[in-house]
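Report on the structure given below.
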Protein chains: 2
Amino acid sequence: MTSAAAQNYLKAIYTLQEQQAAVTTSALAQYLKVSAASATNMVKKLARARLLHHSPYHGVQLTGRGEKMALEVIRHHRLIELFLARTLAVPWDCVHAEAEKIEHVISEDLEDRIATFLGDPTLDPHGDPIPTKAGQVARPVYPSLLDVGAGQSAVVRRVSDQNPEHLRHFSKLGLVLDANVDVLEREPFEGPLRVRVASGAEHIVDETLAREIWVSPLTGQTRTGMARVKKSK
Amino acid sequence: MTSAAAQNYLKAIYTLQEQQAAVTTSALAQYLKVSAASATNMVKKLARARLLHHSPYHGVQLTGRGEKMALEVIRHHRLIELFLARTLAVPWDCVHAEAEKIEHVISEDLEDRIATFLGDPTLDPHGDPIPTKAGQVARPVYPSLLDVGAGQSAVVRRVSDQNPEHLRHFSKLGLVLDANVDVLEREPFEGPLRVRVASGAEHIVDETLAREIWVSPLTGQTRTGMARVKKSK
DNA sequence: TCGCAAATTTAGTCGCGGCTAAATTTTTTA
DNA sequence: TAAAAAATTTAGCCGCGACTAAATTTGCGA
């Protein structure tokens, strides 16, 4: 009952639950790229195993046990991502796909070895928090780059790992973890942003992409940042 | 058609082929711990995919393509074993089970990275040769410890990875890769051996176990080795 | 509030990779 | 060499996790 498929469903439900409280069958099906019928099927099986509550036609919610299991898989995933990045220099746009498969097959013993080797890390290569073995997980809430006002600076804290191509793009732009960004200006109606990165280069970041980057705004340096921009022109 | 199950069958057939030319259904079934009917079933599928020849009631033989595929899986397996042993100090009795699962899910890219990281190694932690990416594999033929005459010394070159408990036992005894062993005496009728290891400790090694250790006999040092034994008593 | 569209579930199918029991072929032995 | 034993294959089944098509429920708008 803890097949790779079941683990993927639990993980998906956990992830979706972080955003919307009620996880619907169709949201789940869309996220996992399976048919709605398949999702219903697995949901019923997970409900029977008491890993989630299912109120038919209204959505699902993980039980304590289900959440614990989801967090175990997520812990595996993020530890493996960091391990591959550290030991083999696997680029951050590739670690996700590898971890997605390896996470289902490693033993608890290997998990422990990896965690110890990495010094019991708390963040994976995308800035996602790594749950503890006990099932505790930090819930860092950062504004997205889109929420940073024009003229403000920020530090990249977390980047969505869902799209490898986006990640590759971010790398090229210098939008990596802990990088400084100055938001120069922003088109109206949630339009694209113009930003300047540490190297001094300026880039246009689309709205969709900006939503995938979460940051710590640097309130103190806002003005000076802009001042320097204006002076340099 | 290259499911984990199919890969395991190909690997098993390759391994069995190394010993006996004709691999029978029952040998395969016994090795993989499945029923004979299941083995026949998969054999027919692999034959349809032209990965092996099947002469019904008489056994199977890998085709070129089948052998290539088997070697790819074995390469994955042995690289992963060595990688886990090197980076995480996973003991040699555990690496096999982990590799058995991970071998089916890593990408070619990750395989390449691991191989490069390890310096394109040729032997895994048990002394098994690692096939090249092109599908070439060394065929070292060593006599087993059982073939070493009383009074001879030898160096451990390869140890069967099939039984974790045996491996753990060998570790305790000091029968590790590249270790020196003096065969002191041997009970008649292929009985157990008495050996002395590098530390000077003496141990009894059962026939079954001795068959799982392959060595390079040290012809020159035979007499002196024994002489020293007798003197020390 | 009634009806329709959208969401969801149910019903039934498929391939995979196991299984057992029965049939068949090969091998051994009397 | 014929019968019994052993090995192998065939037939038919099961659970898993996907699918499509059809039925059902929900909820929104007229």
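Order of the sequence lines sets the chain letters (A, B, ...), proteins ahead of strands, with each chain counted from 1. In this text, all values refer to a predicted model and were calculated from it rather than measured experimentally.
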Presence of B:S3 side-chain N/O under 4.0 Å of C:dG17 phosphate oxygens OP1/OP2: yes
Nucleotide D:dT8, atom C1' - distance to CD of B:Q30 in whole Å: 15 Å
OP1 or OP2 of D:dC19 under 4.0 Å from side-chain N/O of A:S38: yes
Atom CZ of B:R50 with >12 non-hydrogen neighbours under 6.0 angstrom: no
Sugar-phosphate, base or nothing in reach of A:A36, heavy atoms under 4.0 Å: base
For atom CD of B:Q7 and atom C1' of C:dC16, their distance in whole Å: 15 Å
Candidates D:dA18, D:dT20, D:dT9 - which lies nearest the side chain of A:N41: D:dA18
N or O in side chain of B:T25 less than 4.0 angstrom from D:dT9 OP1/OP2: yes
Proximity to the side chain of A:A5 - top-ranked nucleotide from C:dG18, D:dG17, D:dC19: D:dG17
Whole-Å distance separating the NZ atom of B:K44 from the P atom of C:dG15: 15 Å
DNA chain C contacts among residues 52-62 of chain A, heavy-atom distance under 4.0 Å: A:H54, A:P56, A:Y57
Gap between atoms OH and C1', on B:Y9 and C:dG18 respectively (whole Å): 8 Å
Residue of the set A:H76, A:R75, A:H77, A:Q7 for which side-chain hydrogen bond (donor to acceptor under 3.5 Å, both in side chains) holds with A:E103: A:H77
More than 12 heavy atoms from other groups under 6.0 Å of CD on A:Q30: no
Rounded distance (Å) that lies between atom P of C:dG18 and atom CG of B:L28: 10 Å
Contact summary for A:P140 and A:P129, nearest pair of heavy atoms: CD-CG, 3.8 Å
D:dA7 phosphate, OP1 or OP2, under 4.0 Å from B:T24 side-chain N/O: no
Geometric class of the A:H126/A:W92 ring pair [parallel <30°, tilted 30-60°, perpendicular >60°]: parallel
Contact under 4.0 Å: B:S35 side-chain N or O vs C:dC19 OP1/OP2: yes
Short N-O contact, B:E108 and B:K133, less than 4.0 angstrom: yes
Whole-Å distance separating the NZ atom of A:K45 from the C1' atom of D:dA18: 10 Å
Separation of atom CE in A:M42 from atom P in C:dT8, rounded to whole Å: 18 Å
Distance in angstrom units between B:L46 CG and D:dT9 P, rounded: 13 Å
Nearest heavy-atom neighbours spanning A:L52 and A:V43: CD1-O, 3.7 Å
